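In what follows, every chain begins at residue 1, and chains take the letters A, B, ... in the order their sequences are listed. This is a predicted model, so every value here is computed, not measured.
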Amino acid sequence: MPTLFLEIPKRFNLRRTLYSHGWSELLPFEIDEQNWRLTYVFSGAGLPRPAAATVSQHDESKLKIDVLGGADKLSSKAEAKILRDARHILRLDDDLEEFYRLAASEKDLEWIARTNAGRLVRSPTVFEDLVKTLCTTNCNWAMTKKMTANLVEKLGEPDDSGLRRAFPTAAAMANQPVEFYKNEIRAGYRAPYFKELAEKVAAGALNPEAWLNSDLPTRELRREMKRVKGVGDYAADNLLKLAGRYDGLALDSWLRAQFYRTYNEAKPCEDKLIERHYERFGRWRGLVIWCEMTRRWLDD
DNA sequence: GCGTCCAGGTCTACC
DNA sequence: GGTAGACCTGGACGC
């Protein structure tokens with residue numbers, strides 16, 4: 001069972017990162033809350049077959065990645081692929097110094113800088129994040145988990161042990177008819193959205209990975225994201241956050257309810273009021289509201 | 001058991 | 001650009 005090591009930035013908090021939002025609960029992620037470990041089934045170029053690996057804290061400066069099962073030794077390409085994806089998932093290369101300076105300047109937010117919160121877990125590919133984001137729209141979290149699990153279990157390629165599966169490729173998803181997404185994935189009205197998205201990505205007509213390093217201003221990138229069927233305001237803002245752009249608030253019913261409870265005596269208010277409240281945080285406002293509203297997750 | 005509501009929204013048609 | 005109504009699913013709730 002090969003073990004890899006990954007250097008971490010000085011300002012990093014594995015627990016806060018794993019609990020940054022619900023992504024760690026969606027297959028092929030698995031979170032072990034007792035021991036604070038995250039398992040993911042890595043796949044793609046560099047790996048001949050999917051490989052499950054568990055990330056945990058090794059010491060103050062390193063994370064440990066235990067590759068589960070399979071060969072005793074990985075090729076250098078496979079090692080590099082797993083390390084690269086792990087850095088991406090945990091946002092190890094994100095520069096949050098400006099965000100921390102901003103947070104530290106406000107009494108109620110200084111905890112963010114003190115605990116090094118703010119790195120939001122994401123998938124190795126934007127395609128996976130895009131599909132998962134579609135699974136969060138207009139349904140409760142249990143449905144999101146179920147749709148994602150169905151996709152992985154019914155379309156994902158198994159690892160060597162056969163116990164775990166990777167997230168399906170766009171090609172695998174494109175090969176399925178719309179009825180498959182309705183009947184097997186239980187995606188309902190989202191079924192044609194999955195089919196259309198997978199076909200476009202598999203054919204090279206759409207490349208969501210380019211959104212990560214796009215030169216487009218956020219407003220235009222947001223517009224481009226919304227060209228994908230099923231992606232509206234909330235979904236685009238969520239994807240922008242995962243791409244490292246936090247100028248959208250990604251307001252959904254849950255986030256709104258938290259804001260009402262925190263600042264408006266649990267009474268609903270217009271989105272404009274929420275936007276005004278976070279305006280002073282500029283390009284970091286989406287990360288500020290998210291950290292503020294999810295602060296108690298780890299305490300609870 | 002049955003009907004209704006709602007949840008980490010979006011699309012389309014219409015004005 | 002703003003708004004109303006339709007859209008899938010499945011759990012919670014009231015009767």
For D160(A), is there an ion pair with R49(A) - N to carboxylate O distance below 4.0 angstrom? yes

ring-ring contact (aromatic ring centres under 6.0 Å, His included) contacts in which one or both residues fall within residues 24-44 of chain A, not counting sequence neighbours: Y19(A)-W36(A), F29(A)-Y40(A), Y40(A)-F42(A)

Do NZ/NE/NH1/NH2 and the carboxylate oxygens of D66(A) and K64(A) come within less than 4.0 Å? yes

Does this structure show an ion pair linking E97(A) with R11(A), if we count only N-O contacts that are shorter than 4.0 Å? yes

Expressed as a whole number of angstroms, how long is the span from M147(A):CE to dG11(C):C1'? 14 Å

Intra- and interstrand pairs of DNA chain B - dot-bracket, Watson-Crick/G-U under 3.5 Å, | marks other strand: |||||||.|||||||

Salt bridge check, R122(A) against E128(A): does any charged N sit closer than 4.0 Å to a carboxylate O? no

Which pair of non-hydrogen atoms, one from D59(A) and one from I8(A), has the smallest distance, and what is that distance? O-CD1, 4.5 Å

Taking atom C1' in both dT4(B) and dC8(C), what distance in whole Å separates the two? 16 Å

Determine the minimum heavy-atom distance between E220(A) and L216(A), stating which atoms define it. OE1-CD2, 3.5 Å

Give the rounded distance in Å between these two atoms: NZ of K146(A) and C1' of dA7(B). 15 Å

Without decimals, in angstroms, what is the distance between N183(A) CG and dC8(C) P? 12 Å

Between dT3(C) and dG8(B), how far apart are the two P atoms, rounded to whole Å? 24 Å

In the 5'-to-3' direction, what one-character label does each nucleotide of nucleotides 8-15 of chain B receive under the scheme B = base within less than 4.0 Å of a protein heavy atom, S = sugar-phosphate only, - = no such atom? BBSSS---

Salt bridge between D233(A) and K226(A), side-chain N to carboxylate O under 4.0 Å? yes

What is the distance, rounded to the nearest whole Å, between atom CD of E270(A) and atom P of dG2(C)? 11 Å

